[in-house]
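This report refers to the structure that appears directly beneath it.
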Amino acid sequence: MATAPTDFQLTGFAKYLVHDGLLSERDAVIHSQEAQKRRVRFLSYLVSNNLVNGKIVAERASQEYGLPILDLDALDLRSLPVNLIDEKLIRKHHALPLFRRGKTLFVAVSDPTDLLALDEIKFQSRLHPETILVDESKLVKAIETSLEAVDTSMTDLMDEDLDNLNITGGDEPANKPETSAEVDDAPIVRFVNKILLDAIKKGVSDIHMEPYEKNFRIRYRADGILYQVASPPANMASRIISRIKVMAKMDIADRRLPQDGRIKMTLSRHNAIDFRVNTCPTLFGEKVVLRILDPTIANIGIEKLGFEPEQEMLFLAAINKPYGMVLVTGPTGSGKTVTLYTGLNILNNIERNISTAEDPVEITVEGINQVNMNVKAGLTFASALRAFLRQDPDIIMVGEIRDLETAEIAVKAAQTGHLVLSTLHTNDAPQTLNRLMQMGIAPFNIVSAVNLIMAQRLARRLCEHCKVPADFPDSVLVHAGFKPEELKTLKIYSPVGCERCTNGYKGRVGIFQVMTLSQEMRTLILEGGNALQLTELAKEEGINDLRESGLNKIRLGLTSLEEINRITKD
């Protein structure tokens, strides 16, 4: 322990703590010097190092200075008026605005002797600050929480912000022979920005802009279902679509060929949303579809995907093996990419080299080497896979196995000490094995490479606020797949619809068929078994098909019978 210099003068809160008996003069001098050396506030240094108790300090200071005291746990920290003061000032003085009444601004502080803070707040906010004492340890966390909320909040983006959004396009420069009025018209700019912002707020996955002879339709896809949100005049269609093409750095002069582009909307320092844009010429103009690519969906956590406990255990066991192949199957929009990236996020650490080949890359993740396919330039799944195998990989993800060449390289990689994750377009897990054989992969290669096959669908979740018990005849429930003996205790629900949901549903949940290759399954494959035989064997081994997994979600009250009938075969 360093010795305290005799010529060091205590001031401010350090002097108060000594006077109140919370610190010895010697310790106060030493810690004050150390705080200065580290360029941190004295009280913050004491509390973070457990040298004093922040709550006791606040209680004693409240009595000494006659100031009110408040427990920050009682407040909604994400709705504080922190925009009244500059962030730098809040961090500099550890002064957090709590609420405003007229010309008075109530401010939470832990050091009542910091009068400079009040003067600077008064000067900047043009309000009269009133001090409220709080626990220093809670104040540190409260400042971070409230500033983060303001930084990422979408609700603060009002109409006056529509002209000033930070929007950038793709990497290629736009060819704009007809800029100016048609595409930079202020009402058009505001309208397009509002459509994009509303889509983000509502959790939409796609935006469809469709011109017809006498009308122009704009639809959102939410939870897998399209619904109309706007119908601007037909004569505005070309200007709106031209505006989108300029934002995505497309050639607005070319209306005869499909084009691809990208838009990036920066909402805050910590929140940016990408839109993948595609145009397609139709009879009455170009149709535009924007896919919203939110990078946060890759971090939702495996527990939120919708796995049953045994299915989750099988999936985790498969992706944690050092080599082999994990295949996810299902139609477009069934959540295959999110499932694979959830697995990659679990595996993503400093010890592993992970590379992905995708067409296109929809979710960007730090620490993963992601490659966008470019067929025109000769960069295909097969060529990317060959390059990966020369780059000392541990884990490889292939966006989709579409042809024999890609399949052969992926199988070879899985057999030579690499974990390979990929997708195929088949209806269920057993059919995937037949699809590989139809491609030309030898059965003995399949059984030695494949660890797990998983089919999946996305079902809409029932809204917890408005769902109601459903009353179906027993014959309907038995036909749906429920057992007669469970009907007396079975509780199922139907959608209604309220202001918090869309037609009775909010969000989606995964329906899975997770199949590992048992010894009997491998033998059947080697004997040339067909999809029907593989399906029967899977049932005998107790593997739930998609229909049975869907019925389990109904039993749990997560979705409705109507929804499961929509996405699975009855």
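Along the sequence shown, residues carry numbers from 1. None of the values given here were measured: they were computed from a predicted structure. In what follows, every heavy atom counts, from backbone to side chain, and hydrogens, waters and symmetry copies are set aside.
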Checklist entry - Taking His425 for the side chain and Gly330 for the main chain, is one N or O donor matched with an acceptor at less than 3.5 Å? => result yes
Checklist entry - Under 3.5 Å, side chain of Ser205 to main-chain N/O of Arg221, donor-acceptor pair present? => result yes
Checklist entry - Are more than 12 heavy atoms from other residues, nucleotides or ligands located less than 6.0 Å from atom CD of Gln228? => result yes
Next on the checklist: Using a 6.0 Å cut-off, check whether atom NZ of Lys539 has over 12 heavy atoms from anything other than its own residue.
Outcome noted: no
Next on the checklist: Quick one, Leu419 with Leu347, criterion side chain to side chain contact (heavy atoms under 4.5 Å, CB included). Give me CA distance, side-chain angles, the key distance, then yes/no.
Outcome noted: CA-CA 11 Å; Leu419 180 65; Leu347 300 171; 3.8 Å; yes
Next on the checklist: One thing to verify: whether Asp71 and Lys138 come together as a salt bridge, which I'm taking to mean a side-chain N less than 4.0 angstrom from a carboxylate O.
Outcome noted: yes
Next on the checklist: Strictly distance-based, threshold 3.5 Å: is any side-chain N or O of Asn320 a donor or acceptor partner for the main-chain N or O of Leu316?
Outcome noted: yes
Checklist entry - If you count the non-hydrogen atoms of other residues, nucleotides and ligands that lie under 6.0 Å from CG in Asn445, is the total more than 12? => result yes
Checklist outcome for this item: Minimal heavy-atom distance between Phe512 and Leu305, with the atoms involved, is CE1-O, 3.6 Å
Next on the checklist: Does Lys141 form a salt bridge (charged side-chain N to carboxylate O under 4.0 Å, His left out) with Glu144? I'd like the steps, not just the answer.
Outcome noted: CA-CA 5 Å; Lys141 297 176 183 176; Glu144 293 303 324; over 6 Å; no
Next on the checklist: Checking the side chain of Arg457 only, and the main-chain atoms of Leu546 only, is there a donor and an acceptor separated by less than 3.5 Å?
Outcome noted: no
Item to check | Sequence neighbours excluded, every pair satisfying salt bridge (Lys or Arg N to Asp or Glu O under 4.0 Å) that has a member inside residues 466-492 | outcome: Glu464-Lys467, Glu486-Arg555
Item to check | Pair Thr406-Asp403, side-chain donor/acceptor within less than 3.5 Å | outcome: yes
Checklist entry - In this structure, are over 12 heavy atoms from other groups packed under 6.0 Å from Phe284 atom CZ? => result yes
Show me, pair by pair, the donor-acceptor contacts under 3.5 angstrom made by side chains of residues 529-536, not counting sequence neighbours?
residue: Asn530; atom: OD1; partner: Leu532; partner atom: N; Å: 3.1
residue: Asn530; atom: OD1; partner: Gln533; partner atom: N; Å: 2.8
residue: Gln533; atom: OE1; partner: Asn530; partner atom: N; Å: 2.9
residue: Thr535; atom: OG1; partner: Ala531; partner atom: O; Å: 2.8

Checklist entry - Are Gln513 and Met454 side-chain neighbours, meaning at least one heavy-atom pair lies under 4.5 Å? => result no
Next on the checklist: Hydrogens and angles aside, do Asn552 and Arg547 bring a side-chain donor and acceptor to less than 3.5 Å of each other?
Outcome noted: no
Determine all donor-acceptor pairs shorter than 3.5 Å in which one atom belongs to a side chain in residues 391-401; sequence neighbours excluded.
residue: Asp394; atom: OD2; partner: Asn353; partner atom: N; Å: 2.7
residue: Glu400; atom: OE1; partner: Arg402; partner atom: NE; Å: 3.2

Item to check | Exercise: do Tyr505 and Ser560 side chains pair donor with acceptor under 3.5 Å | outcome: yes
Item to check | Sidechain-backbone polar pair: Gln415 side chain, Gly324 backbone, donor-acceptor under 3.5 Å | outcome: no
Checklist entry - Does Lys553 NZ have over 12 foreign heavy atoms under 6.0 Å away? => result yes
Item to check | Which atom of Ile292 lies closest to which atom of Ile200, heavy atoms considered | outcome: CD1-N, 4.5 Å
Next on the checklist: Do the side chains of Glu286 and Lys245 get close enough for a salt bridge, i.e. N-O under 4.0 angstrom?
Outcome noted: yes
Checklist entry - Under 3.5 Å, is there a donor-acceptor pair between the side chain of Tyr493 and the main chain of Cys463? => result no
